[in-house]
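The next block holds one structure in the form of structure tokens; read it before the comments.
Order of the sequence lines sets the chain letters (A, B, ...), proteins ahead of strands, with each chain counted from 1.
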Amino acid sequence: MVSPSGPSDEKKPQPAQEENSDTLKYQLLGPSLTKAGQDAVDQQKVSEIIYEASKGSKFFNHEQERDRNLTVKIERIRKEKARLERLDLSHELRRADEYLAELESTRDLSQYVIHVDCDAFFAAVEELDRPELKLVPMAVGKGVLTTCNYLARKFGVRSGMASFVAKKLCPQLVLLPQNYEKYTAKAKEIRAIMAQYDPLFESASIDEAYLNITPYCVDNNMNPEEVVQQMRAEILETTKVSVSAGIAANAKIAKISSNQNKPNGQFRVANERSAIMDFMRSLPVRKVNGVGRVFERELSSIGIETCGDIYPHRALLTKLFGEKAFQFLAQCYLGLGRTKIEPVETHERKSVGTESTFHEIGDKEVIRAKLNWVAQELEKDMARTQFKGRTLVLKVKLHTFEVLTRQTAPPRAISQAKDLYAFALPMLVKLEKDIPGMKLRLLGLRCTNLVSTKKPGINFFGVVAAPPPSRPALIENSDGNTMEHEISAEEAFETAARQEIQDEMNDLEQLSQEAANIPDSPPAAKSINSSPPPQWDCPICGRAQAADDRLFNDHVDFCLSRQTILQAVQDTSDPSEQGFSSAPSRKRKPISQSSSDPRQKRLFFQ
DNA sequence: GCGGATCAC
DNA sequence: TATGGTGATCCGC
């Protein structure tokens with residue numbers, strides 16, 4: 001719902017009904033309540049401080065609105081539940097039980113899956129360089145905290161929190177800027193060790209991974225606890241970073257378990273049905289990956305707090321939350337999860353996007369400059385990932401924190417900044433028309449319906465190159481009225497449509513050629529070799545990127561500098577200029593640290 | 001297919 | 001004074 005109220009939302013007194021602010025306060029505590037290190041914290045007091053620090057801000061008002069909407073939704077759920085309970089639910093009950101039985105028959109207890117999670121990773125890496133930081137509450141991140149050490153958590157500080165709020169909770173908090181290069185290097189060391197235990201391990205993020213250690217246990221005649229104990233000790237010994245781990249029959253329970261004895265601990269749920277069911281029965285649903293603050297409240301409202309509570313409500317779940325949610329909850333109750341662990345490279349990407357936040361902007365010209373900047377960024381990402389998009393999604397966040405998206409399907413797949421901009425602008429213009437006085441705090445672009453432009457490996461010669469004739473640039477004249485924009489936008493569509501017909505025959509061939517010829521794409525794009533080499537995954541973007549050390553390093557440098565630029569440019573008035581000028585010099589990593597190289601390669605090619 | 005919403009990290 | 005970026009999925013229309 002678009003609030004047409006541009007500047008009209010001066011803070012209204014809002015006194016009439018002093019609504020219950022408990023749920024809002026809980027909401028304001030942030031999403032990372034389940035993180036470790038919060039047990040001894042007085043959450044009541046913390047939420048009061050956060051509430052006071054936030055009160056009256058636009059962010060706060062938006063959260064308040066969301067909270068009100070959720071409260072309404074929950075009331076509907078409760079009413080619906082009451083209505084359903086007066087009906088005959090035997091059919092639903094039978095259907096639920098049949099599904100549970102079917103799920104049960106798929107239970108696989110033969111695998112030892114582990115989830116490894118670094119403890120306060122970014123903070124821990126910083127403490128390695130400056131041990132004195134271990135003695136003070138410290139967090140990494142500027143506007144919003146990325147992570148914090150355990151001393152800081154004692155004050156209620158946590159990741160995702162605005163730093164000025166964190167300072168209120170803990171005035172002596174030391175804030176450090178992010179240094180991805182350092183974290184990436186350290187993560188690489190850790191992964192090198194994990195690869196020895198499962199060469200097909202799955203990186204879930206820079207500081208998390210899943211491993212299937214079943215073969216290792218068999219080969220070395222060890223039980224899983226011993227293996228994990230040994231691996232954690234080895235990681236701590238050689239990288240000086242402590243990790244926690246969960247051991248279970250599947251990824252879902254392993255993930256939950258790794259949080260159980262954090263930091264620097266491990267926890268196992270035995271590969272036995274009864275042990276799993278016992279564990280799940282008392283487990284708060286919020287601990288399960290996929291249950292966030294909203295779903296937690298919805299479930300709580302009908303009496304589900306733990307996974308054990310799911311069973312007596314099984315007949316209601318589909319009607320109240322939908323089929324998928326029912327299936328998800330059924331798996332939670334039974335403690336089922338996937339046992340297949342595979343490298344991330346095998347997953348197919350579905351979208352590529354960029355977004356950036358800035359100070360409130362109302363000026364149309366400045367907004368266009370921002371859009372252009374975002375389009376330039378996305379072009380780089382499209383080149384890096386070697387995709388074009390058949391669908392383009394524009395995302396804006398209004399000054400009120402309300403988020404809107406609009407999408408369009410250009411007549412052919414696009415990836416160049418000028419195309420991204422040209423097809424995004426009409427959507428922006430329409431928003432400007434619909435929301436008079438629109439002020440933005442974020443702009444983003446995302447391509448979906450991806451078309452791969454990866455080189456097919458053949459086709460070195462006979463390039464018909466002939467790049468598509470440049471489309472009308474669709475430059476908005478300064479102070480132009482919206483009419484003109486819309487007309488030129490339609491023209492752009494028509495031109496592009498005509499062009500598509502022309503291009504239709506050789507389109508696919510051309511796509512791959514263009515990808516190989518993009519001048520400022522990261523170096524990896526140039527590696528056209530004859531044999532398919534093993535791929536390495538970039539610790540920044542997490543994707544397989546290059547064939548050898550040098551190209552891999554080039555790519556990582558590219559990713560790193562991009563991150564740094566994005567961070568440096570944030571909230572500057574003219575990003576396209578200042579971003580690059582203020583970008584710190586790129587530091588190369590040593591090529592081919594011989595000793596740590598060969599064994600990290602993946603064995604999945606064949 | 002579109003837009004909103006939720007979730008993870 | 002002030003609350004992130006990337007990617008995925010699901011739901012209701």
Using only side-chain N and O atoms of [X], determine if any of them is under 4.0 Å from OP1 or OP2 of [N].
X: A:Thr357; N: C:dG5; value: yes
X: A:Lys324; N: C:dT9; value: no
X: A:Arg446; N: C:dG7; value: yes
X: A:Asn289; N: B:dC9; value: yes
X: A:Lys287; N: B:dA8; value: no
X: A:Thr146; N: C:dG4; value: no
X: A:Arg349; N: C:dG7; value: yes

Just checking [X]: base, sugar-phosphate only, or nothing, at a heavy-atom cut-off of under 4.0 Å?
X: A:Ser54; result: base
X: A:Gly143; result: nothing
X: A:Val291; result: sugar-phosphate
X: A:Phe295; result: sugar-phosphate
X: A:Lys73; result: nothing
X: A:Arg297; result: nothing

Could you pick out which residue, A:Arg66 or A:Asn449, lies toward the 5' side of DNA chain B when each is mapped onto its nearest nucleotide?
-> A:Asn449
Ranking A:Thr391 and A:Glu296 by the position along DNA chain B of their nearest nucleotide, the one closer to 5' is A:Thr391
Using atom C1' of each nucleotide, how far apart are B:dC7 and C:dG4 to the nearest Å?
-> 15 Å
Hey, are A:Arg78 and A:Ser301 close enough side-chain-wise for a donor-acceptor pair under 3.5 Å?
-> no
Does a donor on one side chain and an acceptor on the other come within less than 3.5 Å for A:Glu296 and A:Tyr26?
-> yes
Any N or O donor-acceptor pair linking the side chain of A:Ser57 to the base of C:dT1 at under 3.5 Å?
-> no
For A:Gln416, does its backbone N or O pair with a side-chain atom of A:Glu379 as donor and acceptor, under 3.5 Å?
-> no
